[in-house]
Amino acid sequence: MPPWICIGLAAFAAYRVGGRKIGLLTLAGLLFLWNLRLWQATVETLVLVSLATAAALVIGVPVGIWFALSRRAWRTFSPVLDMMQTLPSFVYLIPALPFFGLGAVSACFATIVFSVPPVIRLTALGIRNVPGELVEASDAFGGSAVQKLFKVQLPLALPTIMAGVNQTMMLALSMVVIAAMIGAGGLGRAVWQSIQRLEAGAGFEAGIGIVIVAVILDRVTQALAARARPHGIA
Amino acid sequence: MGRIHLEGISKIFGSGSAEALKLIEQGQRKSDIAAACGAVVGLRDISFDIAEGEILVLMGLSGSGKSTLLRCMNRLVEPCAGRIVVDGVDVTKLGRKDLLAFRQKTFGMVFQHFALLPNRTILDNVGFGLEIKRVPARERIERSMQAIALVGLKGWEAKYPSELSGGMQQRAGLARALAADADILLMDEAFSALDPLIRRDMQAELRDLQRKLKKTIVFVSHDLDEAIALGGRIVLMKDGEVVQIGQPEEIVARPATEYVARFVEHIDLAAVLQAEQVADRSGLVLASTQTVAEARTAIGAAIGAAHAKFWLVTDRDGRLVGRIFADRLASARPGETLSSLLDLGQAVVEADTRLDAILATVAAEEAVAVAGPDGRLIGAITSRDIVRALAARPGAKEPSLAGASPLSKPSGAHRWSGTSPNFPSTRSAMTASIGSPSMAAG
């Protein structure tokens with residue numbers, strides 16, 4: 001698919017989600033990246049980030065629900081989450097290597113591990129913060145635990161969970177860049193190469209590219225989070 | 001056995017519940033038990049019955065255990081001891097699945113802070129209970145709309161809770177409980193978060209709804225005025241125990257303990273008593289089929305009736321049709337029937353009208369007729385009846401007005417307008433006006 005079609009579609013999607021401003025931002029940003037001949041790298045980065053985020057959500061949301069419903073699980077594993085978030089990010093590259101070798105798979109794995117804590121944390125937080133009276137209402141009307149979860153707790157936790165998605169995506173992006181050191185492609189590799197070759201200009205271009213991708217992803221996911229918010233609640 | 005039968009309900013919070021239960025059996029009180037084993041007694045050996053179709057108000061200050069007791073009824077709070085039987089089903093013995101089904105079928109609950117889901121429209125909120133019961137969408141919407149119309153929220157169903165005022169949100173909360181078609185409503189401080197005016201409206205509307213729908217309502221409130229306004233029996237609680245159970249006027253007129261007495265001190269008797277309880281049932285009533293001559297004989301025979309300015313007239317079924325003035329009767333031909341001489345201007349109030357709502361009418365009209373829900377005449381209220389009723393509060397001063405004006409004399413109508421409960425009284429007056437069993441039953 002030619003880049004201009006992709007850019008057009010992406011900009012349109014951003015417009016639908018977040019309005020005109022974010023649509024235009026996406027359009028201008030991606031066109032600029034195309035112009036810098038970084039389109040291929042940008043797409044690779046986006047693919048990695050999306051895959052890692054999706055995987056982090058698939059793992060993180062159920063775990064977050066479990067943590068929210070089980071006080072003991074929360075108390076046991078919350079320090080693990082703390083540790084995952086405080087370890088320097090490239091430490092995650094080390095365990096990935098022996099299992100998956102150099103390349104995108106290792107990069108993806110490390111990225112998932114690094115970016116999953118915010119989803120877990122914010123999912124658990126969102127569910128725990130659902131007002132007790134609402135949870136009680138579900139019980140009082142004879143709702144089962146599953147009905148309570150899907151009709152009350154998850155919908156009301158959604159804005160918080162979406163904030164977690166935003167965080168996860170940002171963390172995934174930062175990790176994908178670092179993962180270039182173990183062979184991940186994309187904008188990170190462009191930066192990594194320019195460091196090795198001492199090409200300040202090219203490095204700067206790729207750096208700008210990462211910033212642009214970050215801003216676009218951030219704005220779009222924040223717009224998504226805002227949409228998840230119920231009526232009248234700021 | 002009533003609709004809801006509570007038997008020896010106890011709830012202990014914290015550790016040491018087994019020990020605490022034993023102490024309860026030995027008759028120890030909350031403070032002693034806390035000192036003995038550190039457990040907090042939420043409810044202490046509570047037993048009473050709730051009848052079908054009644055509004056029962058659980059009353060008490062915060063920490064008295066009223067909300068806990070309410071939640072024991074549908075086991076949102078698990079009682080530590082005792083039995084709860086609802087419609088013959090022992091709720092305390094139900095397994096998880098059966099309990100959920102029983103809640104769906106039997107209980108609707110209304111919460112203090114409404115507990116509406118902010119992400120759903122009013123329609124979807126009201127349909128929540130039905131959704132849980134897996135009622136198909138079409139029927140769900142239909143029944144939700146009926147409930148919405150019932151609470152007067154028609155036209156608002158597509159709005160979100162945040163777009164509604166507090167009073168309207170609570171209407172939606174009520175509609176949600178009604179839509180589920182459960183016949184017991186548990187209302188936990190349902191109107192406490194509303195401002196006073198709206199609150200009074202809601203109380204009145206709840207009474208009307210109750211009359212229409214005949215639901216059994218258990219209402220938790222910390223506000224005695226509210227409890228009285230709702231008009232049902234009151235269960236007064238303190239420290240997890242029931243202190244007194246009774247009709248509002250019983251509790252106000254005959255507080256069981258010092259604590260209750262302090263609680264009801266500020267309550268205006270006129271706001272508690274109902275027309276039916278104040279009405280004088282012994283007054284002469286004429287029949288519309290009687291002739292003037294027959295009426296004159298009847299008036300002559302009845303004690304004290306001859307001095308009246310007018311007499312009430314009923315039809316064959318005992319329904320009030322009007323009154324007849326003394327001068328009109330005096331000037332009429334003896335063969336005429338009363339129905340042609342009637343004056344239709346008689347003020348009538350319903351049996352359950354509060355006394356304070358009648359005062360102005362009595363002041364202006366001399367006598368107000370009291371009719372039951374079927375239109376039958378129950379009796380009449382004069383200013384004298386009101387004074388007698390208000391004077392019935394215990395602790396009121398000894399009589400100094402013994403042998404005051406005869407029943408129908410209009411004098412002194414302005415004197416009671418202050419509704420002072422300290423008005424001189426006799427004890428016997430109390431039994432006459434509110435103590436008779438036939439009246440208490442109403």
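In this text the structure is predicted, and so the values were computed from the model without any measurement. Order of the sequence lines sets the chain letters (A, B, ...), proteins ahead of strands, with each chain counted from 1.
- Between the side chain of B:Gln104 and the backbone N or O of A:Gly142, at least one donor-acceptor pair lies under 3.5 Å.
- Shortest non-hydrogen contact noted between B:Glu131 and A:Gln147 is O-NE2, 4.3 Å.
- Here the shortest heavy-atom pairing between B:Leu117 and A:Lys151 reads CD1-O, 4.0 Å.
- Not a single donor-acceptor pair under 3.5 Å links the side chain of A:Glu133 to the backbone N or O of B:Phe111.
- Proximity to chain A at a heavy-atom threshold of 4.5 Å picks out B:Ala180 from residues 178-189 of chain B, in numerical order.
- Interface remark: B:Arg71 contributes side-chain atoms only to the contact with chain A (heavy atom separation under 4.5 Å).
- At a heavy-atom separation below 4.5 angstrom, chain B is approached by no residue within residues 44-58 of chain A.
- The OG atom of A:Ser144 sits 9.5 Å away from the NZ atom of B:Lys97 when rounded to the nearest 0.5 Å.
- Considering all non-hydrogen atoms of both residues, A:Ala140 and B:Met109 come closest at CB-SD, 3.6 Å.
- For the set A:Val135, A:Leu134, A:Val130, the entry with the most heavy-atom pairs within less than 4.5 Å of chain B is A:Leu134.
- Atom CZ of residue A:Phe141 and atom CG of residue B:Leu100 lie 13.5 Å apart, to the nearest 0.5 angstrom.
- Of the atoms belonging to A:Glu136, heavy atoms from both backbone and side chain fall under 4.5 Å from chain B.
- Atom NZ of B:Lys133 is surrounded by more than 12 heavy atoms from other residues, nucleotides or ligands within 6.0 Å.
- In this structure, A:Pro155 and B:Asn119 approach most closely via the heavy-atom pair CB-ND2, 3.1 Å.
- No more than 12 heavy atoms of other residues, nucleotides or ligands lie within 6.0 Å of OH in A:Tyr15, so this atom counts as exposed by the packing criterion.
- Environment of CH2 in B:Trp156: sparse, with no more than 12 heavy atoms of neighbouring residues, nucleotides or ligands closer than 6.0 Å.
- B:Phe102 does not touch chain A: none of its heavy atoms, backbone or side chain, sits under 4.5 Å away.
- Heavy atoms closer than 4.5 Å to chain A are found in the backbone of B:Leu116, but not in its side chain.
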